[in-house]
Novice: 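Take a look at this one; I'll ask things after.
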Amino acid sequence: GGGGGSPGGSDGHVQFNNSGSFGGEADFTWDSSNGLLKLTHGAASSQIELESTVTTSTSGPRMTFYRNSSSPVSNDTLARLLFKGNTHVSGGTPVAGDAIYADIIGKARTAIEGQSDGSLIFRATVNGSDNQEIMEVGASNSSVKQVVPGGDNTIILGNSSLGWKEIYGKSYLGHDG
């Protein structure tokens, strides 16, 4: 049954069961005004771990990024993973979290039922310039380097105004559908 008691931790701390009492953690917080769940971790180990104990051939574990739009259109950005870090002024102290070094973007290239096309865009900061698109996998509307798996296990090295200067690879084993 339900219980009572005082919340653990301070305002914004996520509550959890701590040996039968409410616990709260300063490094696991909810900011309701910004809709931000934040997990801070000072150790050199995983902050989030997904574990699946499924014993069948079903894939797992899974993480879903779902954009629930009431008006989806082609070229919508569905999700974006940012890889941020500190920088420093030459000879100075670090500036916290001010640089996005790389990101991965999921796009709905064609958002028409029965004709859906999607892509992943990989971007990186190169020589201090943000958002250098280095590769797009799947359907593309740009001149970015593009990799498209073919139906016969070939890889089509698609559109690129810059051309492919170097290709590194090891054992492309095809796509099993």
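The chain is numbered in sequence order, starting from 1.
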Novice: If you round to the nearest 0.5 Å, how far is CG of Asn75 from CZ of Arg109?
Specialist: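 It is 5.0 Å, given to the nearest 0.5 Å.
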
Novice: To check you understand the geometry: which heavy-atom pair defines the closest contact between Thr77 and Arg67, and what is its length?
Specialist: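 Closest pair (atom of Thr77, atom of Arg67, distance): O-NH1, 2.5 Å.
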
Novice: For the hydrophobic clusters of this structure (ILVMFWY residues joined by side-chain heavy atoms under 4.5 Å, transitively), does one cluster hold both Leu37 and Leu39?
Specialist: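 Yes, it is one cluster - the side chains of Leu37 and Leu39 are joined through contacts under 4.5 Å.
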
Novice: Counting N and O atoms only, with roles assigned by atom type, does the side chain of Thr125 sit under 3.5 Å from a partner on the main chain of Ile100, one being a donor and the other an acceptor?
Specialist: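 Indeed, once roles are kept as given, a pair shorter than 3.5 Å links the two residues.
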
Novice: Check for a donor-acceptor pair, side chain of Asp76 on one end and backbone N or O of Val73 on the other, with a separation under 3.5 Å.
Specialist: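 Yes: the side chain of Asp76 pairs with the backbone of Val73.
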
Novice: How many angstroms lie between atom CZ of Arg123 and atom CG of Leu81, to the nearest 0.5 angstrom?
Specialist: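 If I round to the nearest 0.5 Å, the distance is 12.0 Å.
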
Novice: Nearest 0.5 angstrom please: Leu78 CG to Phe65 CZ, how far?
Specialist: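 It comes to 11.5 Å.
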
Novice: Test side-chain contact (heavy atoms from CB on, under 4.5 Å) on Ile104 and Phe83; report intermediate values, then the result.
Specialist: CA-CA 9 Å; Ile104 302 170; Phe83 300 88; 4.1 Å; yes

Novice: Please list every donor-acceptor pair under 3.5 Å in which a side-chain atom of residues 10-17 meets a protein atom from a residue at least two apart or in another chain.
Specialist:
from: His13; atom 1: ND1; to: Ser10; atom 2: N; distance (Å): 2.9
from: Gln15; atom 1: OE1; to: Gly8; atom 2: N; distance (Å): 2.8
from: Gln15; atom 1: NE2; to: Gly8; atom 2: O; distance (Å): 2.7
from: Gln15; atom 1: NE2; to: His13; atom 2: O; distance (Å): 3.3
from: Asn17; atom 1: OD1; to: Ser19; atom 2: N; distance (Å): 3.4
from: Asn17; atom 1: OD1; to: Gly20; atom 2: N; distance (Å): 2.7

Novice: To the nearest 0.5 Å, what is the distance between CZ on Phe28 and OG1 on Thr40?
Specialist: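 Atom-to-atom, Phe28:CZ and Thr40:OG1 are 10.5 Å apart.
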
Novice: Quick check against the 3.5 Å criterion: does Lys38 have a side-chain atom that pairs as donor or acceptor with the backbone of Thr29?
Specialist: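 The answer is no, because no donor-acceptor pair under 3.5 Å joins these two groups.
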
Novice: Partners of Ser32 by side chain to side chain donor-acceptor pair (under 3.5 Å), sequence neighbours excluded?
Specialist: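 Checked Ser32 against side chain to side chain donor-acceptor pair (under 3.5 Å); zero matches.
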
Novice: Tell me the closest heavy-atom pair linking Leu50 and Pro61, and the distance in Å.
Specialist: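 What the structure gives for the nearest pair is O-CG, 3.3 Å.
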
Novice: Rounded at 0.5 Å granularity, tell me how far CG in Asp117 sits from NZ in Lys107.
Specialist: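 The NZ atom of Lys107 is 13.5 Å from CG of Asp117, to the nearest 0.5 Å.
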
Novice: At what distance, to the nearest 0.5 angstrom, does CZ of Phe122 lie from CG of Asp103?
Specialist: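 Result: 10.5 Å between the selected atoms.
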
Novice: How close do Ala111 and Ser74 get, counting heavy atoms only, and between which atoms?
Specialist: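 Distance-wise, the nearest heavy atoms are N-OG, 3.2 Å.
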
Novice: Between the main-chain N or O of Tyr66 and the side-chain N or O of Thr64, is there a donor-acceptor pair closer than 3.5 Å?
Specialist: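 Absent.
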
